[in-house]
Trainee: 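This structure is in structure tokens; I'll ask about it shortly.
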2 protein chains.
Amino acid sequence: MQLTKGVEQALCIIVLLATQESSAPLASDEISKRLGVSPSYMKKIIRKLVVQGIAVSVSGNNGGVSLAKPAADITMLDVIEAMEGPIQMYPDTGLIGLAFHDKQYTEKGQKLLRSVFSQGDRLLIEYFSKVTAADLLKEGLGTSNLPTLNWNRETLSDVIDKERDDDK
Amino acid sequence: MQLTKGVEQALCIIVLLATQESSAPLASDEISKRLGVSPSYMKKIIRKLVVQGIAVSVSGNNGGVSLAKPAADITMLDVIEAMEGPIQMYPDTGLIGLAFHDKQYTEKGQKLLRSVFSQGDRLLIEYFSKVTAADLLKEGLGTSNLPTLNWNRETLSDVIDKERDDDK
DNA sequence: ACTAATTGGATAAAGAATATCCATAATGGA
DNA sequence: TCCATTATGGATATTCTTTATCCAATTAGT
């Protein structure tokens, strides 16, 4: 009943991409450094966002990733489903059929349980499809004017910032 | 984003217990046969239900398990939490703090995300706390008069039923 | 065409969920 | 009191998912 870390990571990636200077794609290696995971793992995460249509990637020199659409059109549901597949709580291994041998009742029971849980699924889907990445950015940064910068190059100064913080 | 099989198993156990002749506790070994898992594993599953207050168990001769309260007082939420612990979707590894070094914004962001997800948690909690085992039994069996039988002894005839089904 | 930078996809390692075995404790009946 | 029955708890095996790594395919610039 818990989302995987991937969701948290994906959200951070989206924040980076949303504040990236629009001209330049952001290299996945930079993102991986920033999130503290291996470059190759990060590619895999990003791939999921690309498949879902949240991000686009270009290979080759100066390649990288950028958002496929405005942050206002990216919902939390998109992100969750990109990382974990469709929301479907009930594992449904057909156990009821194995445990009770009465065709009529087991089928009825199966159906009932599925409907109870898919109702739960629907609640989540409805809720998460109403929260967009733009909402998060706006509330998180306190402004709807997104600052943009080139995260490909800002790494160094950022590290310096961090060191200054640590010294205090 | 999926519940574990344990939830499905627990629900089957509850159906068995709810239709068990009230006088006699049901032996966990019988349940294990019926659900096709090992006796020792079944005992662990059942233990979780006992700890949560859904079932009570007595050891010794003619011991076993029975429901701790009427099916109408057992909610789906109880069952889910018995098997998986409290509903809490967000993994919250503190990744945001690691990725961005600005104290002010990261704290704000953390808080925001937590609240978005705990709102989702609340939706589920509210929904699942309204569905009771009695509801499931009633709709699944088509009657609110629960048939009761002694599953400790019915196993044999049940197996015969199954064999007859298979022969067809 | 060559080289450097990057993504894409197969594969391995780690971790969590699932299941089992075994030793111990509790209970009721002979 | 002794024995058969049943739950409890700890250690361990197994399977599945998540996490991470390595190498091959693609692209841009020269």
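Residue numbers start from 1 in every chain, and the chains themselves are labelled A, B, ... in the order their sequence lines are given, proteins ahead of strands.
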Trainee: Please report, rounded to the nearest Å, how far the C1' atom of D/dT5 is from the CD1 atom of B/Ile31.
Mentor: 15 Å

Trainee: Scan residues 75-84 of chain B against DNA chain C and write down, sorted by residue number, each residue with any heavy atom closer than 4.0 Å; if none is found, say none.
Mentor: none

Trainee: Whole angstrom is fine here: how far is it from CG in B/Asp29 over to P in D/dT8?
Mentor: 12 Å

Trainee: For the CD1 atom of B/Ile31 and the CE atom of B/Met42, what is their distance to the nearest 0.5 Å?
Mentor: 6.5 Å

Trainee: So for atom CD, which belongs to A/Gln52, do other residues, nucleotides or ligands contribute more than 12 heavy atoms lying within a distance under 6.0 Å?
Mentor: yes

Trainee: Within the 3.5 Å criterion, strictly below it, is a donor on A/Thr132 or A/Asp135 matched to an acceptor on the partner's side chain?
Mentor: yes

Trainee: With a strict under 4.0 Å distance from non-hydrogen atoms of chain A, what nucleotide opens and what nucleotide closes the contacted stretch of DNA chain C, reading 5' to 3'?
Mentor: C/dA5 to C/dT11

Trainee: Quick check for you: to the nearest 0.5 Å, what is the distance between B/Ser32 atom OG and B/Ile13 atom CD1?
Mentor: 10.0 Å

Trainee: Scan A/Gln9, A/Glu8, A/Lys5 and name whichever one has a side-chain hydrogen bond (donor to acceptor under 3.5 Å, both in side chains) with B/Thr93.
Mentor: A/Glu8

Trainee: With sequence neighbours left out, what residues match A/Val50 under side-chain contact (heavy atoms from CB on, under 4.5 Å)?
Mentor: A/Ile46, A/Arg47, A/Ala55, A/Ser57

Trainee: Are the side chains of B/Asn62 and B/Pro25 in touch, meaning some heavy atoms are under 4.5 Å apart?
Mentor: no

Trainee: Please tell me whether B/Ser66 and B/Gln20 have a donor and an acceptor in their side chains that are separated by less than 3.5 angstrom.
Mentor: no

Trainee: Whole-Å distance between D/dA7 P and B/Ile45 CD1?
Mentor: 14 Å

Trainee: CE of B/Met89 to CD of A/Gln2: how many Å apart, nearest 0.5 Å?
Mentor: 10.5 Å

Trainee: Select base, sugar-phosphate, or nothing to describe what B/Gly6 touches, counting heavy atoms under 4.0 Å on all strands.
Mentor: nothing

Trainee: Which residue, B/Ala27 or A/Lys48, contacts DNA chain D at a nucleotide closer to its 5' end, judged by nearest heavy atom?
Mentor: B/Ala27

Trainee: Heavy atoms under 4.0 Å is the rule here; annotate nucleotides 21-28 of chain D 5' to 3' with B where the base is hit, S where only the sugar-phosphate is, and - elsewhere.
Mentor: BB----BS

Trainee: Nearest whole angstrom, please: distance from the C1' of D/dA20 to the CG of A/Leu35.
Mentor: 14 Å

Trainee: Among pairs that include at least one residue of residues 48-99 of chain A, which meet ring pair (Phe, Tyr, Trp, His ring centres under 6.0 Å), considering only residues two or more places apart or in two chains?
Mentor: A/Tyr90-A/Phe117

Trainee: Could you give all pairs that pass the ring pair (Phe, Tyr, Trp, His ring centres under 6.0 Å) test and reach residues 38-83 of chain B, with sequence neighbours left out?
Mentor: none

